[in-house]
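Written out below as structure tokens is the structure these notes cover.
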Amino acid sequence: MFAKNLSSGVKRLSQALMLGGLLLATSGCERKPEAGAAQEDVSAAPVQAVNAAAANAYSEEYWQAGQAQVIDAQAATQALDRAVTQLLMVPTEDHLESAKLAWLDAHREFSAALPFIKVAFAPSPLQQQGQDLLMALNSWPVQAGYLDTVPGYSTSGIVNDTAIELTLANLRKQHRLTAHEEASTGFHALEIMLWGPTGERSADQFAESSGGEEPKAQASNRRRELTRLITQGISEDMSQLANRWPVTANDLSRYYLAREPVARLQWIRSAHVDLLRDEILPRVPESSESDVESGLAANSKQALLAILRNLQVAWLPGEGSGLADMLLDQHQAAALAETFGLLEARLLKMEDPIELAEPAELQRSRQQVEKLLGLISGDTKVPAREEDMTPVSVTLPEE
């Protein structure tokens with residue numbers, strides 16, 4: 001199971017969600033939420049036999065667990081900022097490798113926070129803010145030539161376009177300006193800068209140049225500044241999110257806590273359904289020709305596992321009660337646990353990035369994600385297995 005391999009941040013989530021003693025059950029299934037971001041009227045779908053006090057305790061602990069994960073992600077992005085600063089000060093291969101490792105850690109921690117971020121920005125007044133945040137931090141795929149020199153185009157990219165003044169404000173304006181793959185902020189733009197457009201970046205490409213107006217020297221210095229600014233943007237965005245999260249901030253949390261406890265559970269469920277459909281399924285390519293997230297960093301599998309681990313802990317914490325106890329029947333919960341386990345086992349066997357996997361394995365993975373969707377939404381009904389059915393002895397009256 002995923003829980004055996006949890007990171008420290010995910011372990012804290014598991015502890016936060018171990019609400020032992022909450023005897024919760026539901027005997028009904030709900031309609032599937034409509035496509036798009038989680039809506040504020042999700043409580044309209046019936047939830048039967050859920051104890052309101054238990055739902056309140058769970059939903060409050062879930063928000064606190066989200067805060068812990070966001071703080072972990074913030075700390076990882078700050079470490080990334082320090083590593084990139086060190087690289088730019090002393091551009092050695094060791095420092096480049098340290099910056100890459102810091103990127104991998106920060107991206108995984110951010111990915112693990114996505115189940116919580118989706119819940120936080122589910123309210124209608126916050127949905128656009130949530131979309132803007134995710135687009136700024138995690139837009140992909142990225143067109144390498146929009147940022148830097150690529151083979152056959154020696155003057156391509158922002159590093160060579162001196163008409164673009166390098167400021168963070170300008171980078172945010174350039175981000176996805178005319179096409180969705182024209183990313184100039186976020187993790188995957190920084191991935192291009194650290195690994196290079198072809199995955200062959202060397203540390204000397206970050207060396208400061210004293211060549212003045214000579215194009216190659218200008219490009220080298222602009223590459224340094226572009227890398228610094230993209231990193232700064234990631235750090236700023238994560239810090240702003242962390243500052244908005246606490247209950248005392250009365251910002252993100254007030255919409256969530258204003259809902260009735262049972263409605264919060266519906267909110268979480270709907271956000272998780274959206275996450276599976278809109279974030280996780282697209283990350284599992286339909287073929288080896290598809291775009292994948294974190295292809296250069298060979299991190300698409302690990303990012304996907306980080307999201308799935310927090311989803312699993314929320315629904316099936318291992319100890320205490322989770323969402324499966326409250327919103328699914330026992331047969332659905334058992335099928336959910338089995339599907340999480342099968343998907344993990346399949347992903348762990350794949351290469352990273354997962355686009356290198358066999359097409360048949362990718363297809364099976366997508367089918368398992370779709371099964372998770374059906375089970376978590378409550379749409380998939382699971383009949384009792386024959387071995388789980390209690391035989392009934394019928395004694396016929398004597399004639």
Side-chain angles (χ1 to χ4, degrees), residues 7-10 12-13 16 37-38 59-84 102-140 168-169 171-172 175-176 183-191 229-259 264 267-268 271-272 274-275 278-280 293-294 303 306-307 309-311 313-314:
S7 65
S8 59
V10 180
R12 283 199 293 276
L13 169 63
S59 59
E60 288 184 355
E61 291 288 350
Y62 186 84
W63 189 266
Q64 292 166 11
Q67 182 175 349
Q69 182 59 57
V70 168
I71 288 172
D72 280 351
Q74 178 191 21
T77 57
Q78 290 171 342
L80 172 61
D81 198 327
R82 292 191 295 271
V84 169
W103 185 96
L104 289 167
D105 185 55
H107 185 246
R108 283 194 290 266
E109 292 292 351
F110 168 76
S111 297
L114 282 175
F116 303 105
I117 294 172
K118 284 286 188 178
V119 172
F121 289 95
S124 295
L126 299 176
Q127 287 175 14
Q128 188 59 53
Q129 294 179 34
Q131 292 171 16
D132 291 344
L133 175 68
L134 293 181
M135 284 297 98
L137 280 169
N138 209 41
S139 181
W140 70 280
L168 183 53
L171 286 187
R172 294 194 188 280
H175 186 59
R176 299 168 64 96
S184 54
T185 69
F187 281 103
H188 300 294
L190 184 58
E191 181 184 3
L229 288 172
I230 294 172
T231 308
Q232 178 187 335
I234 294 171
S235 185
E236 286 185 5
D237 287 343
M238 283 306 306
S239 292
Q240 289 173 9
L241 177 62
N243 291 338
R244 296 180 65 183
W245 201 281
V247 172
T248 53
N250 195 28
D251 185 1
L252 291 178
S253 63
R254 66 189 177 97
Y255 292 96
Y256 177 80
L257 295 176
R259 306 292 295 181
R264 293 177 207 156
W267 213 334
I268 296 171
H272 287 180
D274 288 346
L275 181 66
D278 300 334
E279 295 285 344
I280 293 179
E293 185 184 40
S294 311
I307 302 171
R309 283 166 180 160
N310 269 358
L311 281 178
V313 170

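Values in this document were obtained by computation on a predicted structure and should not be read as measured data.
- Side-chain atoms of H175 come within 3.5 Å of backbone atoms of M135 as a donor-acceptor pair (strictly under, hydrogens ignored).
- Contact of the R259 side chain with the P123 side chain is not registered, since no non-hydrogen atoms from C-beta on lie closer than 4.5 Å.
- Taking each heavy atom of I307 and S111 in turn, the nearest pair found is CG1-O, 3.2 Å.
- Considering CD of E279 and NE2 of H272, their distance stands at 12.5 Å, rounded to 0.5 Å.
- Residues that satisfy the side-chain hydrogen bond (donor to acceptor under 3.5 Å, both in side chains) test with N243, not counting sequence neighbours, are absent from this structure.
- The nearest pair of heavy atoms linking A271 to V119 is CB-CG2, 3.6 Å.
- The side-chain heavy atoms of Q129 and R244, taken from C-beta on, include a pair separated by under 4.5 Å.
- To the nearest 0.5 angstrom, H188 atom NE2 is 3.5 Å from E293 atom CD.
- Proximity of L252 to L241: side-chain heavy atoms (C-beta onward) are separated by under 4.5 Å at one or more points.
- In this structure, CD on Q78 lies 13.0 Å from CD1 on I234, to the nearest 0.5 angstrom.
- Rounding to the nearest 0.5 angstrom, the gap separating the CG atom in L114 from the NZ atom in K118 is 7.5 Å.
- Under the 3.5 Å distance criterion, the side-chain polar atoms of W103 are matched with a main-chain donor or acceptor of F187.
- With hydrogens and angles disregarded, no donor-acceptor distance shorter than 3.5 Å links the side chain of Y256 to the backbone of W267.
- For the atom pair NE2 (H107) and CG (L137), the distance works out to 9.5 Å, reported to the nearest 0.5 Å.
- Remark: I268 CD1 to L275 CG distance equals 13.0 Å, nearest 0.5 Å.
- Using the six-membered ring where Trp is involved, Y62 and F116 have ring planes that are tilted, between 30° and 60° apart.
- Looking only at side-chain heavy atoms (C-beta outward), L257 and R264 come within less than 4.5 Å of each other.
- The two residues S139 and R176 have their closest heavy-atom pair at OG-NH1, 2.7 Å.
- Contact record, F110 with L134: CZ-CD2, 3.9 Å, taken as the closest heavy-atom pair.
- Under a 3.5 Å cut-off, the side chain of W245 and the backbone N or O of W63 do form a donor-acceptor pair.
- Note on R172 versus D237: salt bridge recorded, some NZ/NE/NH1/NH2 to OD/OE distance being below 4.0 Å.
- Remark: the backbone N or O of E109 is paired with a side-chain donor or acceptor of Q69 at under 3.5 angstrom.
- Annotation for A102 and A83: closest pair CB-CB, 3.9 Å, computed over non-hydrogen atoms.
- Contact between L171 and L229 at its shortest, heavy atoms only, is CD1-CB, 3.7 Å.
- Listed for the T77 side chain is no donor-acceptor partner under 3.5 Å among the backbone atoms of S235.
- Side-chain N or O atoms of T185 include one that pairs as donor or acceptor with a backbone N or O of A136 at under 3.5 Å.
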